[in-house]
Amino acid sequence: MRKLQKELEALREQGMLRTLKTVAGPQGPRVIVDGREVLLLCSNNYLGLAGHPALIEASCDATSRFGVGSGASRLVSGTMELHEQLEARIADFKGTEGALVFNSGYAANTGILQGLAGPGDLIFSDALNHASIIDGCRLSGARVVVYPHRDMAALEELLQAEASRRHGRWLIVSDGVFSMDGDLAPLPELVALKERYEALLMVDDAHGGGVLGASGRGSAERFGCLDRIDLHMGTLGKAFGCFGAYLAARREVIDTLINRSRSFIFSTSLPPGVLGAALAAFDIVDSAEGAARRAALENNRQIFVEGLRRGGLDLGESVTQIVPIVTGEPQPTMEAARRLLDRGIFLQGIRPPTVPVGQCRLRATLMADHRPEEVAAAAEMIVRILAELPR
Ligand SMILES: *Cc1c(COP(=O)(O)O)cnc(C)c1O
């Protein structure tokens, strides 16, 4: 125990200690932190659905009709009508033969990659893919080739280099929207490569689903290649405001995962209240209200980004509601986050291993129900606080 304490102390001295911040009351564009109302700029509740009355009502209704817990894993007695309805809805949303719901995005990525790839197979993975993809690659036991972030020439070289000794299944996996950078995977190029080299393409659209594309189908809709992605992974805990995740794919892929995916097989299934709320979330995403929320989010993003750029800040390649403000080292990053919270703006400093060493950042995320004027004021405040910091 003494040793753990020393390790924690060392983390604190390096500005690397992670601690929890509690939000009092419900999630919304403004939340209560340390007894004060602050502007929430670090939630993935992009469309503001987590507190939406229609989702709350659907969740309560499903709970009162079907109970609180599902009581078992999916393959035992934990597959309820609502699981089936939600999976049909997701398959329809993505235009695939089938879909499978997982208990979280983390469980989905580890379970999909472990279920579809094994020793003898090869996974090509973007260098900035989410930690759950990295862990899924490890769990699979497949050989993993990491290609430089979004570098399609480098990926093609690696595919070519492996082609002569090819055996087993090939899988290319990428975030659709990169979670710490807000940039997009070059999906048309990835599709061309996966077709040329006969690999499966898996896109993790945790941050694109519900948000990107005219109808919110995600990054693939934005690029017009929805029907050319083999494995559409998405989450229900971000723009959809609920909890859980899914894979939409061909029927044989779904059936394979039902038979092999350990995170799917060995875990109690999602409860009725979550499933009911998720179905209501798809209704909203597909409605005129959903389109209006996407437009409001994009308007807020533009206002925020313009304010930060005017202040001379480096926002990398972000083109989405995830806006990284690169600050470099851990201590100044965390100090900036502390000062911003003092001024009523809640965002998180992001440090290694979540991002590469030397690339600490304030990661801001916009929401549809932020007011444009408060977003503009927050951008000004961020510019001011960063200018005050000792470099
Ligand atoms: C958040 C996230 C996940 C994990 O999803 P959870 O439902 O939160 O477990 C997976 N992939 C990406 C890219 C994410 O941002």
Side-chain angles (χ1 to χ4, degrees), residues 20 23 27 42-47 49-50 55 86 90 94 99-115 123 125-140 146 149-150 171-185 187 190 201-212 218-220 222 229 231-248 257 261-264 267-271 274-275 277-278 281-282 317-324 347-348 350 353-355 361 363-367:
L20 301 173
V23 166
Q27 292 287 343
C42 54
S43 167
N44 305 319
N45 178 20
Y46 303 124
L47 297 180
L49 299 188
L55 270 73
L86 180 58
I90 292 167
K94 292 286 188 180
L100 194 64
V101 168
F102 287 80
N103 288 0
S104 72
Y106 188 91
N109 279 336
T110 51
I112 293 163
L113 291 164
Q114 168 270 320
I123 302 174
S125 177
D126 188 286
L128 294 190
N129 276 343
H130 190 263
S132 55
I133 293 178
I134 296 170
D135 292 1
C137 287
R138 288 182 185 147
L139 260 182
S140 73
V146 175
H149 181 49
R150 298 199 309 166
L171 185 67
I172 303 172
V173 59
S174 178
D175 284 13
V177 177
F178 288 88
S179 55
M180 293 300 135
D181 294 80
D183 55 346
L184 295 171
L187 292 186
L190 280 168
L201 175 60
M202 171 171 168
V203 176
D204 171 347
D205 219 17
H207 298 278
V211 170
L212 298 183
S219 52
R222 173 141 161 174
I229 311 288
L231 309 167
H232 296 270
M233 180 275 182
T235 65
L236 302 171
K238 290 171 178 162
F240 288 86
C242 304
F243 185 63
Y246 60 83
L247 179 73
L257 292 174
S261 173
R262 294 171 67 84
S263 69
F264 175 83
S267 195
T268 299
S269 63
L270 285 177
V274 165
L275 301 166
F282 277 94
E317 302 283 309
S318 168
V319 290
T320 66
Q321 73 282 1
I322 299 171
V323 182
L347 44 66
Q348 291 282 3
I350 310 285
T354 312
V355 292
R361 64 199 61 186
R363 172 182 180 269
T365 50
L366 284 315
M367 293 170 63

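Note that these values count all heavy atoms, side chains included, but never hydrogens, waters or copies made by symmetry. Along the sequence shown, residues are numbered consecutively beginning with 1. Just so you know, ligand 1 is whichever comes first in the structure, and atom 1 is the first atom listed for that ligand.
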Determine the minimum heavy-atom distance between [X] and [Y], stating which atoms define it.
X: Val203; Y: Asp175; answer: CG1-C, 4.4 Å
X: Gly210; Y: Ala239; answer: CA-CB, 4.4 Å
X: Val173; Y: Asn129; answer: O-ND2, 2.9 Å
X: Ser261; Y: Ile112; answer: OG-N, 4.2 Å

Apply salt bridge (charged side-chain N to carboxylate O under 4.0 Å, His left out) to the pair Asp181 and Arg363, showing each step before the final yes or no.
CA-CA 8 Å; Asp181 294 80; Arg363 172 182 180 269; over 6 Å; no

Starting from atom 2 (C) of ligand 1, what is the nearest protein heavy atom, named by residue and atom, and what distance separates them?
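So the nearest neighbour among protein heavy atoms is Lys238 NZ, 2.3 Å.
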
Identify the protein heavy atom lying closest to atom 6 (P) of ligand 1, giving its residue, its atom name and the separation to 0.1 Å.
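Here the closest protein heavy atom is Gly105 N, 3.2 Å.
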
Please indicate whether any nitrogen or oxygen in Tyr106 is less than 3.5 Å from any nitrogen or oxygen in ligand 1.
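Right, the criterion is met.
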
Arg150 with Asp183: basic N within carboxylate O range, under 4.0 Å:
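A salt bridge is present here (some side-chain N lies under 4.0 Å from a carboxylate O).
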
Could you work out, for atom 11 (N) of ligand 1, the closest of Ile322, Val177, Asp204 by heavy-atom distance?
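Ranked by closest heavy atom to atom 11 (N) of ligand 1, first place is Asp204.
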
Has the side chain of Thr110 got a donor or acceptor atom that lies under 3.5 Å from a matching backbone atom of Gly136?
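No, because the side chain of Thr110 does not come within donor-acceptor range (under 3.5 Å) of the backbone of Gly136.
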
Out of all atoms in ligand 1, which are within 4.0 Å of some heavy atom of [X]? Include the element for each.
X: His207; value: 14 (C), 15 (O)
X: Ala206; value: 2 (C), 11 (N), 12 (C), 13 (C), 14 (C), 15 (O)
X: Asn109; value: 10 (C), 11 (N)
X: Ser179; value: 15 (O)
X: Ser132; value: 10 (C), 11 (N)
X: Asp175; value: 13 (C)

Establish, yes or no, whether a centroid distance under 6.0 Å links the rings of Phe178 and His130.
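No.
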
Please confirm whether Ala245 approaches ligand 1 to less than 4.0 Å, judged on its heavy atoms.
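Judged by the 4.0 Å heavy-atom criterion, Ala245 does not count as contacting ligand 1.
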
